[in-house]
Structures are given as structure tokens and as C-alpha cells.
Protein chains: 2
Amino acid sequence: MKSLSIKDIAKTARVSNSTVSRALRNSPLVNRETGDLIRRIAEDAGYRPSAAARSLVTRRTHTIGVVVTTISDPFVADVVSGIEDAAEAQGFSVFLANSHAEPAREKRVVRSFEERRVDGIIVTSSRVGSLHVSMLSRMEVPIVLLNNQHDNEAAHSVMIDNRGGSFAATQHLASHGHRRIGYIGDRGGYQSDAERLSGYQAALEAAGIEFDPALVVRGDGRPEGAREALGQLLSLADAPTGVFCYNDMSALGAMHEAGKRGLRIPEDLSLVGFDDLYISQYLNPPLTTVRQPMTGMGRMATETLLRLIAREPAPPVVTVHGELIVRESVCAPRTARARSARARSAG
Amino acid sequence: MKSLSIKDIAKTARVSNSTVSRALRNSPLVNRETGDLIRRIAEDAGYRPSAAARSLVTRRTHTIGVVVTTISDPFVADVVSGIEDAAEAQGFSVFLANSHAEPAREKRVVRSFEERRVDGIIVTSSRVGSLHVSMLSRMEVPIVLLNNQHDNEAAHSVMIDNRGGSFAATQHLASHGHRRIGYIGDRGGYQSDAERLSGYQAALEAAGIEFDPALVVRGDGRPEGAREALGQLLSLADAPTGVFCYNDMSALGAMHEAGKRGLRIPEDLSLVGFDDLYISQYLNPPLTTVRQPMTGMGRMATETLLRLIAREPAPPVVTVHGELIVRESVCAPRTARARSARARSAG
DNA sequence: AAGATTTTTGGCAACGTTTGCATTAAACTG
DNA sequence: CAGTTTAATGCAAACGTTGCCAAAAATCTT
């Protein structure tokens, strides 16, 4: 039951291998009728050219490797979805590999990609440590980084405008009258954390609020870490009335913790996230957050990668801007509300 | 800057290709010292054997194809994570493809997998329509279905015990005193929906509750559909006090809709889901649900697939049992609580 | 020390494509 | 109609491995 080769088709069509090869790729070099005949025969026989054999001679695999820390992260999953869509649309297949941020695993992944001769690589939100350096030096395939966590001049990248997004988020809080605004970051030491913090500080400054280091605490980018972080914030003598979270997962954790402590969102505590995960709109209350166009970013990354593969020019870094999505997790702080209520009754 | 081949290594090691080939795969046929030398040279040179060339002759690609409807679904993402982990552990790489449930796309995916000569295929929660039949007939590679939505004797599969899980979920509701229990299903016409419905009915019967068709409504397996479905349930004259949802995403939608209508969970409405997504534990209130070991199932699917590829025997269908995870979205219905309160004050 | 073994190596034909070059057949040219 | 161009085909050499078979080298046997 061996799968048939080009020779089999050639034989039944009574032509040479080359003609079949050409016919199947619709080469103009082959006579219309012969071509049609050959294609019909191939189709009927269910012939499928061997990608391996083909790429052996063309030196192109039409394959891209995608490294993610973990596909279980909804942010990553969406990005990968966009990557796959864009790749598929251009006839490329994607190898997906979890690195789980384990150096050993990263090594194996890179080696595997090398052996498979992927035409290009996309690395998603990696701390890009050991992995990246070794990769760049050995492989000569194009690489694009998506929301990478380290500056890297050597590779192309697409990234979210962290600073702008967090500025908008913090400003939103300030514009509702919050003066004590906390920031729950990610202790991973990521560049995105630093940038979001900086946007937060900038917004504070713009609103004339003095920056208080006690108001910035770190979680781990996931609900659990954020719960603890929020705890720290809440134990402050002068606790914040609004908190900007590094990402929606952190906001989810904060929301959960607040609920546990009997605090209502947003009446007792306003919350803003970052990402706009699919679920965020269904939270109670729906989360106000900064939207990252995740699948779009995946698509962009793929497009610049494909461009690079085709040796076409591509922008070294494309920055995409987040959009503040206002929902219901922010309102004026209690004090301000009390004040305006007083004003109202007085008036 | 062409990547080097086995010949280059052979030349600098002053041995033949075959020896290099053997040495690199640690064949006992090659002298210890020569082997070490060769390996050192290859290592230093950063040589990477070409998977394409290798698989051309061995007729094995050490590659598996994974088809999912969409990787954006957190359930699917977790499954894929398990698949990739298990595959990687055995030196297999995975091609990931979204089908988006579009027949045309499914066709292209299958064709791509054929051309790439994947050693096996895993199909996740597919309605497995057009795709599957054509696939099975043409490709002679092993296939395993994960939570497939159609009976299929031809392929191996791993599936969750839908009936058992929903029985437990419904029973849980009944045991809290609920008599009017709704079911929000998935109108997609999936087998899993039918099975969960059947488990729900069985639990009703076991609890001596008469089945009321008006209490089963259908969503779309996502929050949006569930919101509408819950609306129908709530508009009933004798509305349910507890609802079992087809999956956690539906439960999320129901929770959201309930919140919008000012209903508190679980005081005014008890809710049970199915899946135990990562986020479910962080909802407000934390969702009581039936846990599916998603990454574990992905792992199992991969293991049976790999076994099949190795022509080892493998169980045609492995059924995994869900576990009821009790959290805080269920309590006794208002009526029962009122009754017990009365009893207490009377006693 | 000459066979007889056993290790270790090398040669070479696959595997299934693509592609440059040569060849043949067909269609123009003047 | 011979000579030329053009269109269509075939040949054969890659591409980078593996694995069978033979050859060579080393190690035993008496």
C-alpha cells in the first residue's frame, strides 16, 4: 500500500517524470491537454507529492516554527491562532512547540526546528534568554519576535505599545477621580512590565498625582500572584481605590480576591486590565481593559516573517496600539462619590 | 552559507558518509573512538541532519498532525498543550492546524498533512464530517479522535465520560434540594451534548424528579449563546432554581446574564459547568463544575497514537472520567432554604 | 603463520522531487 | 521547401540521508 510517486503517474500518463512534475505545478511549459490529462490522472489516483522530496531539492520547506512558553495561556493561544491562519493562507504549515520556559526544552525545540529546516521562526513573549542568542547565531533563518521581553536589534518584531496602553488605562482611572492608584505588575522582570509601569507613572504625572512606590506590587501575571499582590495593596494604611493590572489574568485574580474580602467592584475598588481576553467581557463586572489585537498581531508577525522569507523588505519593528475598552469595572472612588453626593444634596 | 551535510563532516573526519551516519545515531557498528571523534566534529561544526532527507529514505517523518477547530478555545488549547508535551517527549514534532470548521479548510489541512507525510493524526472535538471520512479512506496513517462528536468505529479515540460527568453534576444540584433543574446545551448537535443531556435525565430520574422538556434549552457552547438560553429558562412560569451547563463557557455566559438581571449566584440561581477551565476557579463565585483532565487527555491521545504508529497494540477507545469539583456556585434553592429556616425557628 | 572470525569501514543504490540542458516535434519564414 | 524559430518533452544530475553488501583491518585459533 506504498504511496505512489511521480513515477507512477508518469507511467500511466505515458510521459516522463519531468512532465508530470511540471504539469502538477501548472507550468506553462507543458501542453494544455497533456497537463490536464496528467492532472486528472494524479487527482484520480489521489497522488500527493512528497513535501520532503520536494524541499530536499528546493531547499524550502514552507514551514514555520512557532515557539511559545505555553499554549495554555489564552493570550498565546489567540496569537497562535492568528499565526496559523496567516501561514495557512500562504501555504505554510506551522510547527508548534511549547518551551515551558525551560532552557533544556528550548534547546531541544531549536534543534528540532533546525533539523526540520523551518523557513522561519516566530517566538512569542519569550524572555528570549538562552534560547534566542544561540538561535540567532546558528540558524540563518529569519526570526520574528512577538511581544518579546528583551530588546533585540538582531531580530524583527511586532509588539504592543505597552506604554501607551497603560497610560490610557491609568488615565482612565485618574479621570474618574482616583488619586490612589495601584499597579499590580509581573515580577518576572519582563520588559513589558517595565514599560507598563512607566506608562502608569507617566499617566500619574500627567494627572498631577505623586508617584508612590508603595502602590506598585508584583504578581506573577496570573490570578494567584495577583491575589497576593492585591492583599499587599489592601493592607496599606492608605490603600488604593483603583488598580491597574499588568494583564487580564492578574485582574481576574484581583477581582476574585476582592470578592473574597467582600469588596465590590467597582464600588469599593476599580480595576483595569490589559489584553482583553475573550472572557474579560463576561466577568462580573465586565472588565475594563486595554485590548491587544492578539490574532491580528499573530497575523502581522507571520506576514513580516513570510516577507522576510521571500527576501522582501519588512519593517524591523511594527508597533501596534492597544485600545482602551471601557466596561464596568471602573467608577468614581467612594470618597469622590460621597463628595459629589454631598454636593448634590447641598445644591 | 549553505548548511553543511553529512559529507562535510565525513570529509573533515576522513571517513565515509556511512560511518558518519552511523556514528551520529550511536550505532554500535562504529568504533568507539571514531564515533566520539565524529560526534565531536559534528557538534563543533553545528551540524544538523536534514529531517527531510532522512525521512525520505526511512519513510518516517516523526511528525504528527493535529487538527482543531480553533486553538482559541481554552479547552482545545489545553488539550494541544498535552499533545505537544507528549509528542516532544518522544521526539515527535506537531503540525498544528485550525479548521475553523470550514469544510474547504479541512480539505486543505488534510491535503497538507498528506503531502507532509505525517506519521499520524489527532483530531480534536471535531464534528468529523466531511473531513474524517475522506481522511480515513485515503490516508493510511493512524488517527485518533479526541472527544469526537460522532460515533466512529474506524478510528481510535479518547473521550470523556459525558454521561457520568453530567450525572454527577445534576445529582449535585438535586442533592441540594433543587427540583427544577435546567439544562443549557449546545445546539451544534454534538454527540457530547446528547450524552450530557442523557446523564442529566438519568440523574433526574434517580432523584425522582420528572423530566420537563421545557427545562432544556440550547446555547452554542459559548457565553453568548448561553445568555440567551438562560433568558428562555428564566422566562418560564416555573423557572429552574439550578442549571447544569454544557460547558464552563456556557456557565460563564449564564453567570454573566444572571448578574445582569440582578440574580445572585448561587442564592438565586445555582450553576454547574463542565470542563473546569483554568479560569473557572477564579470566577465570582468560583464555579462548581466537572473537571476534564484536558492536558492529560491530550497526552493520552498522543500516547495511543504513538503506539499505533509503532504498530503496538492500543486500546480502541479510552474513556476518562470527569471529577466533580465542588466550589461555590451551588447552594440550596430559595424555597428549600426558606423551609429549613422555618423548621429551625419552629424547633 | 595461515585460516577463520569478528570488527570496522566504504561503496553505492535507493528515497521522490526539481531543473538545466538537450532533444524532438511542430509551426513559421521567406 | 529547406531553414529557423518556438513549443513540448525527456534525460540525468542533483538534494542529504540510510542501509545493504562487500571490502578491509584487526583479532582469534590452532
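The chains referred to below are lettered A, B, ... by the order of the sequence lines, with proteins before strands, and numbering in each begins at 1.
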Could you tell me whether the side chain of B:R22 has a donor or acceptor atom within less than 3.5 Å of a complementary atom in the base of C:dG10?
-> yes
For DNA chain D, whose closest nucleotide is more 5', that of A:R117 or that of A:S16?
-> A:S16
B:V66 side chain reached by B:F95 side chain, heavy atoms, under 4.5 Å = no
B:R25 near the nucleic acid: base, sugar-phosphate alone, or nothing, with a heavy-atom cut-off under 4.0 Å?
-> sugar-phosphate
Looking at the side chain of B:S5, which of C:dT17, D:dG19, D:dG16 is the nearest nucleotide?
-> D:dG16
Just how far, in rounded Å, is P of D:dG10 from NZ of A:K7?
-> 15 Å
Nearest whole angstrom, please: distance from the P of D:dT6 to the CG of A:N31.
-> 18 Å
Between the side-chain atoms of A:S18 and the base atoms of D:dC11, is any donor-acceptor pair under 3.5 Å?
-> yes
Length of the CZ-C1' vector between A:R116 and D:dG16, whole Å = 15 Å
Have a look at B:T34 and say if it touches a base, only the backbone sugar-phosphate, or nothing, with a 4.0 Å heavy-atom cut-off.
-> sugar-phosphate
Is A:D85 salt-bridged to B:R105, cutoff N-O under 4.0 Å?
-> yes
Winner on side-chain proximity to B:S21, out of C:dT18, D:dT9, D:dT18, is D:dT18
Going through the distances and angles, do A:D44 and A:R39 end up as a salt bridge (Lys or Arg N to Asp or Glu O under 4.0 Å)?
-> CA-CA 8 Å; A:D44 291 353; A:R39 278 183 290 270; over 6 Å; no
Here the distance between atom P of C:dT6 and atom CG of B:L29, to the nearest Å, is 15 Å
Within less than 4.0 Å of OP1 or OP2 of C:dA14, is there a side-chain N or O belonging to B:R59?
-> no
Name the residue closer to the 5' end of DNA chain D, choosing between A:R14 and B:A52 according to the nucleotide with the nearest heavy atom.
-> A:R14
Separation of D:dA12 atom C1' from A:I6 atom CD1, nearest Å, is 14 Å
Whole-Å gap separating P (D:dA8) and CG (A:L37) = 15 Å
Whole-Å distance separating the CD atom of B:E33 from the C1' atom of D:dA25 = 15 Å
Taking every non-hydrogen atom, the tightest pair across A:N148 and A:S157 | OD1-CB, 3.8 Å
Nearest to the side chain of B:V57 - C:dT17, D:dT18, D:dC15?
-> D:dT18
Would you indicate which nucleotide in C:dT17, D:dG16, C:dT19 comes nearest to any side-chain atom of A:R54?
-> C:dT17
Nearest atoms (heavy-atom pairs only) where A:F92 meets A:I64 | CD2-CG2, 3.7 Å
Check whether any side-chain heavy atom of A:V94 sits under 4.5 Å from a side-chain heavy atom of A:T63, and report yes or no.
-> no
Interatomic distance, A:N17 CG vs C:dT19 C1' [rounded to whole Å] | 12 Å
Mapping B:P28 and B:L56 onto DNA chain C by nearest heavy atom, which one lands closer to the 5' end?
-> B:P28
When all nucleic acid strands are considered with a 4.0 Å heavy-atom cut-off, which category describes A:T19: base, sugar-phosphate, or nothing?
-> sugar-phosphate
